[in-house]
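We count ligands from 1, going down the list as the structure has it; atoms in each ligand are counted the same way.
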Amino acid sequence: MDKKITTIAFATDHAAAEVRGKVKEYLSRLGYEVLDFGYDGDGSCDYPDYAAKAAIAVADGQAQKGVLICGTGIGMSIVANKIKGIIAATVWNEDTARLAVQHNHADILCLGSRTSTLRELCLMIKVFLDTEFEERHNERIAKIKELEK
Ligand code: RB5
């Protein structure tokens, strides 16, 4: 059984400026506390700065899950996966959002604001947060964790 999710670490880069407020609002409406690690300034920024902060918050246990949005979700996942203990997955539809948890035990969902609509982003987030890991994939996840040593 996965830990109860109460708090979400959230971060975006400038590519997600248009959707970040609405996605944050959506997470709050679902009843989660949102720890917002930026970026909410004007102009462009470097996604590694924000992905790392949010991923560290998940690794430290300040949040149980993370949601990161950049243009494609790819940069965010590359960065988040550098943080020890984190499994981050870029997904592109509801099926991959579900499988990222069921099979890959993803802690962090990485989404693309340039590849998905706001509605699609929200649907993927809901599926990610409502899905539980399937224990039958435990040995594979243990092999991933072993690589971190
Ligand atoms: C920013 O232009 C873009 O490179 C970034 O949002 C992201 O898609 C990187 O993976």
Side-chain angles (χ1 to χ4, degrees), residues 2 5-133 137 140-141 143-149:
D2 288 338
I5 306 167
T6 57
T7 309
I8 309 295
F10 177 69
T12 67
D13 73 354
H14 59 280
E18 265 185 41
V19 292
R20 80 176 326 275
K22 297 222 167 69
V23 171
K24 236 181 109 171
E25 220 177 275
Y26 179 68
L27 284 167
S28 302
R29 235 185 304 129
L30 290 178
Y32 298 102
E33 186 188 339
V34 182
L35 297 183
D36 186 354
F37 291 93
Y39 166 75
D40 62 0
D42 295 325
S44 65
C45 68
D46 298 330
Y47 60 83
D49 299 338
Y50 305 95
K53 283 184 194 154
I56 289 167
V58 176
D60 285 353
Q62 292 172 56
Q64 293 77 43
K65 297 271 176 178
V67 174
L68 305 177
I69 313 176
C70 63
T72 58
I74 296 171
M76 289 298 201
S77 72
I78 291 170
V79 176
N81 278 309
K82 300 277 183 210
I83 305 301
K84 196 170 177 200
I86 292 300
I87 296 180
T90 303
V91 308
W92 53 93
N93 57 28
E94 288 171 78
D95 269 348
T96 51
R98 180 176 48 78
L99 289 165
V101 180
Q102 284 179 339
H103 288 208
N104 310 113
H105 209 176
D107 311 290
I108 296 188
L109 186 73
C110 301
L111 301 168
S113 62
R114 292 175 178 157
T115 53
S116 301
T117 63
L118 174 64
R119 182 171 182 276
E120 288 164 345
L121 295 174
C122 292
L123 287 171
M124 290 186 276
I125 288 169
K126 176 94 172 80
V127 169
F128 170 72
L129 295 173
D130 287 348
T131 301
E132 293 218 341
F133 175 59
H137 295 283
R140 291 161 188 161
I141 303 307
K143 287 184 181 185
I144 295 172
K145 301 283 177 190
E146 194 61 32
L147 291 169
E148 288 182 333
K149 290 185 183 160

Just by distance, do the side chain of [X] and the backbone of [Y] share a donor-acceptor pair under 3.5 Å?
X: S113; Y: A15; answer: yes
X: T131; Y: F128; answer: no
X: D46; Y: D49; answer: no

query: Atoms of ligand 1 less than 4.0 Å from H14 heavy atoms?
result: 1 (C), 2 (O)
- request: Check ligand 1 against C70 and write out every atom of the ligand that is under 4.0 Å from a heavy-atom position of the residue.
  value: 6 (O), 7 (C), 8 (O), 9 (C), 10 (O)
query: What protein heavy atom sits nearest atom 2 (O) of ligand 1, and how far off is it?
result: R114 NH1, 3.2 Å
query: How far is atom 10 (O) of ligand 1 from its nearest protein heavy atom, and which residue and atom is that?
result: G75 N, 2.9 Å
query: Does ligand 1 have a heavy atom under 4.0 Å from the side chain of A15, from its backbone, from both, or from neither?
result: side chain
All N/O donor-acceptor pairs, side-chain side in residues 24-32, below 3.5 Å, sequence neighbours left out:
unit_1, atom_1, unit_2, atom_2, d
K24, NZ, D36, OD2, 2.9
S28, OG, K24, O, 3.2

- prompt: Looking only at non-hydrogen atoms, which of I69, T115, D13 approaches atom 5 (C) of ligand 1 most closely?
  reply: D13
Geometric N/O contact G71 with ligand 1, under 3.5 angstrom: yes
message: Does ligand 1 come near enough to Y47 that some N or O of the ligand is less than 3.5 Å from an N or O of the residue?
response: no
statement: The complete set of side-chain hydrogen bond (donor to acceptor under 3.5 Å, both in side chains) pairs with one or both residues in residues 52-69, sequence neighbours excluded, reads T6-Q64
- request: Measure up the Y39 and Y50 rings against each other and bin them: parallel (under 30°), tilted (30 to 60°), perpendicular (over 60°).
  value: tilted
